[in-house]
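The structure appears right after this line, and notes come after that.
In this text, all values refer to a predicted model and were calculated from it rather than measured experimentally.
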Amino acid sequence: MTQSLALIALIVRDYDEALEFYTKKLHFTLIEDTPITATKRWVVVSPPGSNGCNLLLAKAANDEQSFCIGNQTGGRVFLFLQTDDFYRDYQNLLNNNVKIAREPRTEPYGTVAVFEDLYGNLWDLIGPN
């Protein structure tokens with residue numbers, strides 16, 4: 001048996017502002033942007049060079065979902081972005097005015113910094129030591 005995670009749904013306020021952040025500031029690739037209804041789209045983005053799990057940008061459809069925007073995990077780090085060059089990608093975050101929640105530090109598993117996406121979700125940027 002072979003299984004893998006294909007997508008993680010990330011609740012967003014607006015498709016276009018989320019696309020702007022992920023494609024322009026994080027340099028993710030737009031994989032798909034397909035209209036489903038007049039207000040719903042299937043929007044998938046992927047980190048550059050990734051062959052793994054992608055993000056489905058899912059626009060909040062009601063008040064309960066809107067309440068979770070930016071806090072899908074109760075304030076814990078939500079997503080982990082692995083990179084082959086930590087300082088290149090950390091500098092990209094700085095250059096694009098992405099909010100750094102925790103400065104870089106060295107851990108046994110690599111160099112890590114925590115940043116926020118445009119809604120406040122926490123991400124780990126992790127690279128080799």
Side-chain angles (χ1 to χ4, degrees):
M1 178 189 309
T2 301
Q3 297 180 339
S4 63
L5 290 176
L7 296 169
I8 294 175
L10 180 66
I11 302 171
V12 301
R13 181 176 32 248
D14 178 83
Y15 292 116
D16 294 324
E17 73 180 6
L19 273 173
E20 176 80 14
F21 177 83
Y22 285 100
T23 61
K24 302 292 189 219
K25 293 191 176 210
L26 298 187
H27 304 294
F28 280 29
T29 301
L30 174 61
I31 303 298
E32 185 175 355
D33 186 352
T34 302
I36 304 297
T37 67
T39 59
K40 185 175 181 180
R41 292 158 48 186
W42 185 262
V43 180
V44 179
V45 295
S46 177
S50 176
N51 293 320
C53 188
N54 295 323
L55 279 181
L56 173 68
L57 303 178
K59 184 177 175 182
N62 57 44
D63 288 342
E64 183 178 359
Q65 291 176 12
S66 292
F67 182 75
C68 294
I69 294 172
N71 191 22
Q72 290 189 210
T73 58
R76 301 236 6 195
V77 170
F78 178 39
L79 298 163
F80 300 80
L81 185 60
Q82 187 91 32
T83 178
D84 63 344
D85 186 333
F86 177 87
Y87 288 101
R88 174 199 63 213
D89 293 337
Y90 181 72
Q91 188 60 52
N92 178 67
L93 296 174
L94 296 175
N95 292 346
N96 282 290
N97 299 312
V98 174
K99 185 175 179 183
I100 305 301
R102 289 184 218 126
E103 296 294 324
R105 66 185 188 281
T106 302
E107 297 290 345
Y109 53 84
T111 303
V112 62
V114 179
F115 69 93
E116 294 183 13
D117 70 12
L118 74 164
Y119 300 115
N121 292 300
L122 297 177
W123 288 65
D124 268 2
L125 176 66
I126 304 170
N129 284 336

Quiz item: Regarding Tyr119 and Gln72, is there a side-chain donor-to-acceptor distance under 3.5 Å anywhere?
Solution: no
Quiz item: Got a sec, which pairs hit salt bridge (charged side-chain N to carboxylate O under 4.0 Å, His left out) with one end in residues 108-117, sequence neighbours left out?
Solution: Lys99-Glu116
Quiz item: Would you find a donor on one side and an acceptor on the other, under 3.5 Å apart, between the side chain of Asn92 and the backbone of Leu26?
Solution: no
Quiz item: Where the side chain of Thr83 meets the backbone of Asp85, is there a donor-acceptor pair that is under 3.5 Å apart?
Solution: yes
Quiz prompt | Set of residues satisfying salt bridge (Lys or Arg N to Asp or Glu O under 4.0 Å) with respect to Asp33, sequence neighbours excluded | solution = Arg41
Quiz item: Got a sec, which hydrophobics cluster with Val112, joining ILVMFWY side chains under 4.5 Å apart, including via others?
Solution: Val77, Phe80, Tyr109, Val114, Leu122, Ile126
Quiz item: Tracing side-chain links under 4.5 Å among I, L, V, M, F, W and Y, which residues wind up in one group with Leu7?
Solution: Ile31, Ile36, Trp42, Val44, Leu56
Practice problem: Scan residues 50-67 for pairs that pass salt bridge (charged side-chain N to carboxylate O under 4.0 Å, His left out), counting only residues two or more places apart or in two chains. | Solution: none
Exercise. Measure the CG-CZ distance between Asn62 and Phe67 for me, rounded to the nearest 0.5 Å.
Key: 12.5 Å
Quiz item: So, Glu103 and Arg105, do they make that salt bridge, N to O below 4.0 Å?
Solution: no
Quiz item: Would one find more than 12 heavy atoms of other residues, nucleotides or ligands at under 6.0 Å from atom CG of Asn51?
Solution: no
Quiz item: Under 4.5 Å between any side-chain heavy atoms of Tyr22 and Leu30, yes or no?
Solution: no
Quiz item: Which hydrophobic side chains are connected to Met1, either touching it within the sub-4.5 Å cutoff or through other members that do?
Solution: none
Quiz item: According to a 4.5 Å side-chain heavy-atom criterion applied to Ile, Leu, Val, Met, Phe, Trp and Tyr, with indirect links allowed, do Tyr87 and Val98 form part of one hydrophobic cluster?
Solution: yes
Quiz item: Side-chain heavy atoms under 4.5 angstrom apart, residues restricted to Ile, Leu, Val, Met, Phe, Trp, Tyr: same cluster for Ile8 and Leu57?
Solution: yes
Practice problem: Could you tell me the separation between the CG atom of Leu79 and the OG1 atom of Thr73, rounded to the nearest 0.5 Å? | Solution: 8.0 Å
Quiz item: How far does CG of Asp124 sit from CZ of Arg76, to the nearest 0.5 angstrom?
Solution: 10.0 Å
Quiz item: Got a second to check how far Leu94's CG is from Asp89's CG, nearest 0.5 Å?
Solution: 11.0 Å
Exercise. Just say parallel, tilted or perpendicular for the rings of Phe28 and Trp123, cut-offs at 30° and 60°.
Key: perpendicular
Quiz item: Where do Asp14 and Glu17 come nearest, in terms of heavy atoms and distance?
Solution: OD2-N, 2.9 Å
Self-check item: Contact check, side chains of Tyr90 and Thr111, non-hydrogen atoms, under 4.5 Å
Solution: no
Quiz item: Between Pro47 and Cys53, what is the shortest heavy-atom contact and its length?
Solution: CD-O, 4.4 Å
